[in-house]
Every structure is written in C-alpha cells, then in structure tokens.
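As the structure is a prediction and not an experimental result, all values here were calculated from the model. Below, each value reflects all heavy atoms present in this structure, side chains not excepted, and no hydrogens, waters or symmetry copies.
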Amino acid sequence: MIGHLKFCVALAIGLSWAVPGHSDEPARRPNILFIFADDQSWKTIGCYNSGPDWVRTPHIDALASTGVRFERSYLGAWCMPSRASLLTGRLQHGVRSMTMLGNYPGSTYDPQQCPFFPAQLRESGYHTAQIGKWHTGSDTGFGRDWDQQIVWNRPGRPENAGNYYSDQLLEFNGVARQVDGYSTDNYTDWAVDYIRDRRKQSDRPWFLWLCYGAIHGPTTPAARHEGTLTGRRTTPPADILGPWPDKPAWLQDTAAWTRDESGRLMMARKKGGDVVFDANRPGKTFDAWIQQVHECNAAVDEGVGRVLQELRDSGQLENTLVIYSADQGFALGEHGLTQKVAPYDAAISSPLILSLPGRIARNQVCRHPVNSPDLTNYICRLAGVQLPWRTHGRDIRPLLEHPQTSDWSSPMIMTHTSRSYGDETAQIPTDERLTSSSSVPWYVLLRDGSKKYVRYFVKGELEELYDLAADPDELVNLAVRAEHSAELSRLRQLAIAELRRTNAEFVDSLPATAAELKAVE
C-alpha cells in the first residue's frame with residue numbers, strides 16, 4: 001500500500017508538467033535515454049565548432065539542433081566518480097561508502113548508504129535498463145536499480161578491464177558471457193533492440209543508460225573507420241609545449257610532448273596514473289593521435305544516429321528525453337597534457353546536449369555550466385520522482401527552458417578527491433593518496449558566471465582564476481595579479497560556502513594557499 005501511494009504521488013508530480021503553450025494539457029512522464037561516452041572532449045563534436053574544421057559528427061549535431069547544447073559541463077574528474085556522482089546526485093566527497101578495493105578498478109559500496117536514483121525511478125513505475133560500461137563498484141545493482149542489464153563490469157572483473165573494444169566478458173542480467181565483436185556496435189545493437197521492445201510495453205515509461213566505452217584508450221576505431229582520416233592536419237594548442245607561467249607546480253612536471261628532429265610534435269613519454277590511450281606511447285605524432293581519436297568516435301556518432309532513428313520509427317521520439325554527454329573530457333595537448341582529471345576545461349569538461357520536444361528549448365546554446373548532481377536532479381524532477389536523500393543538485397529547468405537567460409546567479413561547484421569518496425575525504429592526505437588517480441592533487445573547482453576558480457589542497461600552492469569569456473583557453477592565471485585580488489578573495493569565499501552547503505567535512509582543514517600565506521607574512 002505504501003509503495004502504491006508513493007507511486008501515485010510520484011505520478012501526480014510527473015503529470016503536473018505542462019507542455020509550453022498548452023498549459024491545459026498535462027504531459028506524460030517521458031522516456032529517458034541517456035547516452036554516455038567515455039573520455040570525450042567536446043572538441044570531438046562538430047557542433048561545438050572547437051575542433052579541426054574536418055570534424056564530422058552529423059547525428060550528434062542533429063540532436064543538438066533539436067535541443068540545448070551546454071558550452072561546458074563538469075560531471076567529474078575521471079570515470080568512476082563521475083558515474084557515482086550521477087547515480088547518487090552527490091559530489092564525490094558526498095558519495096558514502098564507495099571505496100576502492102583489490103586490483104584496480106576493483107571497488108565496492110554499501111547500497112543502503114549509497115542508493116542510486118534508478119531504483120527510485122523503478123519504484124515509481126519506470127522500467128530501467130543499462131547497457132555498456134559499468135564502473136561504479138562491483139555490484140551492478142541488477143534487480144535493485146535495474147530491470148535489465150547488459151554490462152561490462154570493470155570493477156567486478158579486473159582481469160577483463162582492459163578489453164574496451166573486443167573480447168568483453170559481459171553480464172546479461174547477472175549472468176556472465178564472453179562476447180565477440182566491436183563493443184561500440186554491440187552496445188548500439190542492444191540499445192536499438194531495447195527501444196524497439198519497449199514500444200510493445202507502452203504502459204510503462206523507461207530509462208536507458210547507454211554507456212559507450214569509446215573513446216577511452218586504447219582508442220581503437222572500428223575496422224570500417226580505421227585510416228579514414230589519415231593525412232588530416234590539426235593546429236596544435238598554443239601551449240602544448242609550454243611554458244606554463246603562473247600555473248601550479250604539478251603541471252610543470254607533466255609535459256607530454258616534444259618535437260623530433262624534423263620538428264614534428266611527438267608524444268614524449270607515457271603519462272602516469274590510469275591513462276591508457278595508446279597514443280601515449282613515445283613517438284606517436286600529434287596529428288596521428290587526433291586522427292585516431294576522431295576515427296574511434298565515428299562509431300559512437302553512428303550509434304547515436306541508429307538509436308534516434310529507432311525512436312522515430314517506433315513513435316517514441318516525441319516523448320523521450322535524450323541526453324548526450326560523457327563522464328569527463330580529455331586534454332588533446334592543451335597545457336601540454338594528454339589526460340583527464342586536471343581542472344582545465346580541455347581535460348574535464350564534457351559535451352552535454354539535452355533534447356525533449358515541447359519541454360526543452362530547440363537549437364539553443366547555454367553558457368551556464370552544470371554538474372552531475374544538476375543532471376540527476378533534472379532527470380528525477382522530470383520523471384516525477386522525489387529522492388529520499390539529500391542531493392547536491394540545483395534546479396536547472398530554467399536553463400533548459402530559457403538557455404540564454406542572463407538571470408542566473410547560481411554558482412556551480414565540482415570536487416576532485418582522487419580515489420577517495422565520502423568519509424574517506426574527511427581528512428586531506430599529505431601522502432600519495434592526494435594524487436593517487438593522476439599527477440593532479442585534490443581540488444575544488446567553482447564556476448560563477450564566466451569566472452572559473454580552482455583551489456588545490458596543497459599548502460602554499462597557487463590558486464587559479466580565469467575569465468573564460470576573455471580567455472577560453474585558460475592561458476592567463478589572473479589569481480597571481482594584484483588587480484584581481486578582490487575577485488580572488490570573493491571566489492575563494494564562495495567556494496568555501498559551496499563546500500559547506502554540500503557538507504564537505506574537509507572544509508575547515510583546507511591548507512593555506514600561496515596568496516593566503518603571502519597575506520600573513
């Protein structure tokens with residue numbers, strides 16, 4: 001009886017959504033298709049107009065033309081925390097009980113302390129499914145969070161965790177089976193089948209989380225795409241070889257590029273951390289690497305086209321929220337990097353597109369950034385679901401209805417605490433745990449309008465402050481300039497306030513920054 005009451009309440013909330021222009025016509029609870037790529041820079045998407053002029057992603061671009069494209073989104077610093085943050089609606093420091101365990105990427109969590117939102121969708125009447133990469137604890141949640149799953153469980157099967165593109169050991173509703181074929185195409189095939197089957201079960205809305213493993217390393221294109229971009233040239237980032245003045249100490253030790261005797265840009269050495277792009281092998285040229293990344297992305301774009309076509313053919317497109325994003329970005333040479341995790345937009349900002357006819361603006365671009373908890377909040381509100389735990393998300397419905405509004409003053413925050421979550425982040429480490437997922441130490445990132453602020457959890461380290469409207473490539477650190485000291489102080493205090501709002505236990509033990517130490521000299 002209680003469960004039925006909760007369902008009725010949730011359904012009533014969901015039906016309260018009205019189609020703009022038709023306020024007397026209640027909207028059905030929409031289906032939700034969340035397409036999630038891996039390690040993907042927004043510069044690999046044509047409609048962002050930030051990559052080489054030869055970039056072509058016609059299907060993702062077509063999706064953007066029907067909805068809202070966000071200039072920047074910050075879903076996480078690396079694969080696992082971005083997924084944990086989406087599933088819980090909390091920033092990394094608020095994800096309780098999640099912990100690394102055993103051989104990487106082994107990890108675990110207590111579902112009582114760390115519930116995931118698909119279970120609430122399921123309880124409210126949604127049919128829930130996940131296809132593709134699973135990277136959030138060895139417990140995939142089948143039967144609790146998901147009605148249906150075909151997943152590559154990396155934490156649960158570390159011995160198969162490197163098989164991003166072939167010979168995957170998959171779990172079909174909890175039953176393991178070895179599968180041949182190119183993974184991106186396999187995931188698309190199963191997603192198309194799922195969407196077609198759900199049309200036959202139209203009494204229930206559905207939620208599908210389609211998680212591609214591309215374009216994560218080893219960045220292997222489908223056979224049909226391999227070599228199709230050979231010879232294409234790319235203008236390298238302005239600071240690919242440095243120097244990097246007024247940047248933090250960790251960046252000075254991460255230079256990944258050099259020039260050979262003929263002057264060609266070459267990968268200098270493999271980076272530390274978990275980066276496994278085969279492009280990180282010494283001797284890989286910059287142009288060859290960029291070509292390979294885009295060749296690998298081609299199958300993802302084709303997959304997007306196929307699932308959207310199935311939505312059209314089955315008559316479900318008009319009532320389906322489609323989201324396209326990635327767990328985080330990946331630097332394509334910017335700031336001398338070939339990795340994620342770093343707090344620069346090139347390394348962590350994901351592409352993000354949302355489309356839902358009648359309820360989301362069409363063919364619009366939003367300059368206000370969002371994070372993972374914001375998306376979780378939006379999905380649940382749209383589905384008419386009230387999560388029974390506190391989340392960190394903001395209500396971003398105004399941004400999707402009026403993307404170009406200037407009437408938006410809500411700051412956005414993201415935290416990176418390496419491989420630590422929840423209670424493990426209460427004490428800031430001073431040993432290798434501070435940088436255990438990469439060379440980058442723990443940090444908090446804040447966006448307030450066009451201003452971006454980064455504070456590292458290292459005593460005496462420089463803060464970073466950028467005006468992204470004037471300096472989108474983040475080349476000039478305003479934090480070291482005296483004329484910006486008042487703005488630096490304001491953003492520092494705003495970041496602390498956001499950490500308090502999100503119950504970050506470490507907020508009162510943050511190491512003093514370089515500017516703070518100088519002020520007391």
Q. Stepwise, does the salt bridge (charged side-chain N to carboxylate O under 4.0 Å, His left out) test hold for Asp301 with Arg56?
A. CA-CA 9 Å; Asp301 184 68; Arg56 298 289 183 271; over 6 Å; no
Q: Please collect all ring-ring contact (aromatic ring centres under 6.0 Å, His included) contacts where either partner lies in residues 458-499, sequence neighbours excluded, each pair once.
A: none
Q) Would Arg500 and Asp508 count as a salt bridge (charged side-chain N to carboxylate O under 4.0 Å, His left out) if you check the C-alpha gap in whole Å, the side-chain angles of each, and the deciding distance to 0.1 Å? A) CA-CA 9 Å; Arg500 293 194 192 284; Asp508 291 321; 3.0 Å; yes
Q. How would you list all residue pairs meeting salt bridge (Lys or Arg N to Asp or Glu O under 4.0 Å) that involve residues 420-429, not counting sequence neighbours?
A. Arg96-Asp423
Q: Check the surroundings of atom CD in Gln252: do more than 12 heavy atoms from other residues, nucleotides or ligands lie under 6.0 Å from it?
A: yes
**Q.** With sequence neighbours excluded, residues passing salt bridge (charged side-chain N to carboxylate O under 4.0 Å, His left out) with Arg367
**A.** none
Q | For Asp53, all residues meeting salt bridge (charged side-chain N to carboxylate O under 4.0 Å, His left out), sequence neighbours excluded | A | none
Q. Do Glu432 and Ser436 have side-chain N/O donor and acceptor atoms under 3.5 Å apart?
A. no
Q: Kindly say whether the aromatic ring centers of Trp54 and His294 come within a distance under 6.0 Å.
A: yes
Q.
Testing the 3.5 Å rule here: is there a donor-acceptor pair between the side chains of Tyr164 and Lys133?
A. yes
Q.
If the condition is ring-ring contact (aromatic ring centres under 6.0 Å, His included), which residues does Trp442 pass it with, not counting sequence neighbours?
A. none
**Q.** Atom CZ of Arg233 with >12 non-hydrogen neighbours under 6.0 angstrom
**A.** no
**Q.** Geometric class of the His135/Trp78 ring pair [parallel <30°, tilted 30-60°, perpendicular >60°]
**A.** perpendicular
Q: State which residues pass salt bridge (charged side-chain N to carboxylate O under 4.0 Å, His left out) with Arg490; sequence neighbours excluded, sorted by chain then number.
A: Asp448, Glu487
Q | Verdict with reasoning, Glu464 to Tyr453, per side-chain hydrogen bond (donor to acceptor under 3.5 Å, both in side chains) | A | CA-CA 6 Å; Glu464 295 189 84; Tyr453 169 79; over 6 Å; no
Q: Would you please name every residue forming a side chain to side chain donor-acceptor pair (under 3.5 Å) with Asn103, sequence neighbours left out?
A: none
Q. Would you say the side-chain atoms of Glu474 and His335 include a donor-acceptor pair closer than 3.5 Å?
A. no
Q) Does the side chain to side chain contact (heavy atoms under 4.5 Å, CB included) test come out yes or no for Tyr421 and Met80, once each step is laid out? A) CA-CA 10 Å; Tyr421 303 82; Met80 183 172 161; 3.3 Å; yes
Q) Are Asn163 and Gln168 close enough, and set up right, to give a side-chain hydrogen bond (donor to acceptor under 3.5 Å, both in side chains), and what steps lead you there? A) CA-CA 6 Å; Asn163 294 37; Gln168 291 189 325; over 6 Å; no
(Q) Using a 3.5 Å distance criterion without hydrogens, assess whether the side chain of Asp145 forms a donor-acceptor pair with backbone atoms of Pro118. (A) no
Q. Aromatic rings Phe286 and Trp257: how do their planes relate, parallel, tilted or perpendicular, breaks at 30° and 60°?
A. perpendicular
Q.
Return the CD to CG distance between Gln493 and Leu446, rounded to the nearest 0.5 Å.
A. 11.5 Å
Q: Would you please test Tyr212 and Ser183 for side-chain hydrogen bond (donor to acceptor under 3.5 Å, both in side chains) and show each step?
A: CA-CA 8 Å; Tyr212 288 114; Ser183 64; over 6 Å; no
(Q) Test of understanding: with side chain to side chain donor-acceptor pair (under 3.5 Å), list the residues that count as partners of Asn186, not counting sequence neighbours. (A) none
Q) Does a side-chain N-to-carboxylate-O contact under 4.0 Å join Asp287 and Arg232? A) no
Q | Nearest-0.5 Å distance that lies between atom OG1 in Thr44 and atom CG in Leu332 | A | 7.5 Å
Q | Minimum heavy-atom distance between Ser349 and Tyr74, given as atom pair plus value | A | CB-CE2, 4.5 Å
Q) Does some side-chain heavy atom of Asp246 sit less than 4.5 Å from a side-chain heavy atom of Val476? A) no
Q | Contact summary for Cys114 and Thr88, nearest pair of heavy atoms | A | SG-CG2, 3.8 Å
Q: Would you check if there is a donor-acceptor pair between the side chains of Thr415 and Gln92 at a distance under 3.5 Å?
A: no
Q: Evaluate the side-chain hydrogen bond (donor to acceptor under 3.5 Å, both in side chains) criterion for residues Arg154 and Asn160: first the C-alpha distance (whole Å), next the side-chain angles of each, then the deciding distance (0.1 Å), finally the verdict.
A: CA-CA 7 Å; Arg154 295 188 75 234; Asn160 192 245; over 6 Å; no
**Q.** Spacing of Thr513 atom OG1 and Lys459 atom NZ [to the nearest 0.5 Å]
**A.** 11.5 Å
Q) Considering all heavy atoms of both residues, which atom of Asp110 and which atom of Ser97 are nearest to each other, and what is their separation? A) N-OG, 2.9 Å
(Q) Checking Ser450 against Asp467: is there a side-chain donor and acceptor pair closer than 3.5 Å? (A) yes
Q) Would you find a donor on one side and an acceptor on the other, under 3.5 Å apart, between the side chain of His216 and the backbone of Asp39? A) no
Q: Enter the distance from Leu101:CG to Thr108:OG1 here, rounded to the nearest 0.5 Å.
A: 6.0 Å
Q | Over all atoms of both residues, closest heavy-atom pair of Pro403 and Val68 | A | CG-CG2, 3.5 Å
Q. What pairs of residues pass the ring-ring contact (aromatic ring centres under 6.0 Å, His included) test when at least one of them lies in residues 485-508, not counting sequence neighbours?
A. His93-Phe506, Phe457-Phe506
Q.
Can you give me the closest heavy-atom contact between Ser85 and Thr376, atom names plus distance?
A. O-OG1, 3.9 Å
Q | Residue list, salt bridge (charged side-chain N to carboxylate O under 4.0 Å, His left out) with Asp239, at least two apart or on another chain | A | none
Q. For the residue pair Ile413 and Asn371, what are the closest heavy atoms and their distance?
A. O-ND2, 2.9 Å
Q | Modelled atom types, side-chain donor and acceptor of Asp260 and Ser262, under 3.5 Å | A | yes
Q. Mind checking whether Ser138 and Ser107 have side chains closer than 4.5 Å, heavy atoms only?
A. no
Q | Rounded distance [0.5 Å steps], CD1 in Ile396 versus CG in Leu354 | A | 6.5 Å
Q) Can the positive tip of Arg455 be found less than 6.0 Å from the middle of the six-membered ring of Tyr443, inside 45° of the ring normal? A) no
(Q) As an exercise, state the distance from CG of Asp473 to CD of Glu334, rounded to the nearest 0.5 Å. (A) 8.0 Å
Q: Give every residue pair that meets the salt bridge (Lys or Arg N to Asp or Glu O under 4.0 Å) criterion with at least one member in residues 84-95, sequence neighbours excluded.
A: none
Q: Name all residues meeting the side chain to side chain donor-acceptor pair (under 3.5 Å) criterion together with Asp431; count only those two or more places apart in sequence or in a different chain, and write none if there are none.
A: Arg433
Q.
Under 6.0 Å between ring centres: does that hold for Phe116 and Tyr109?
A. yes
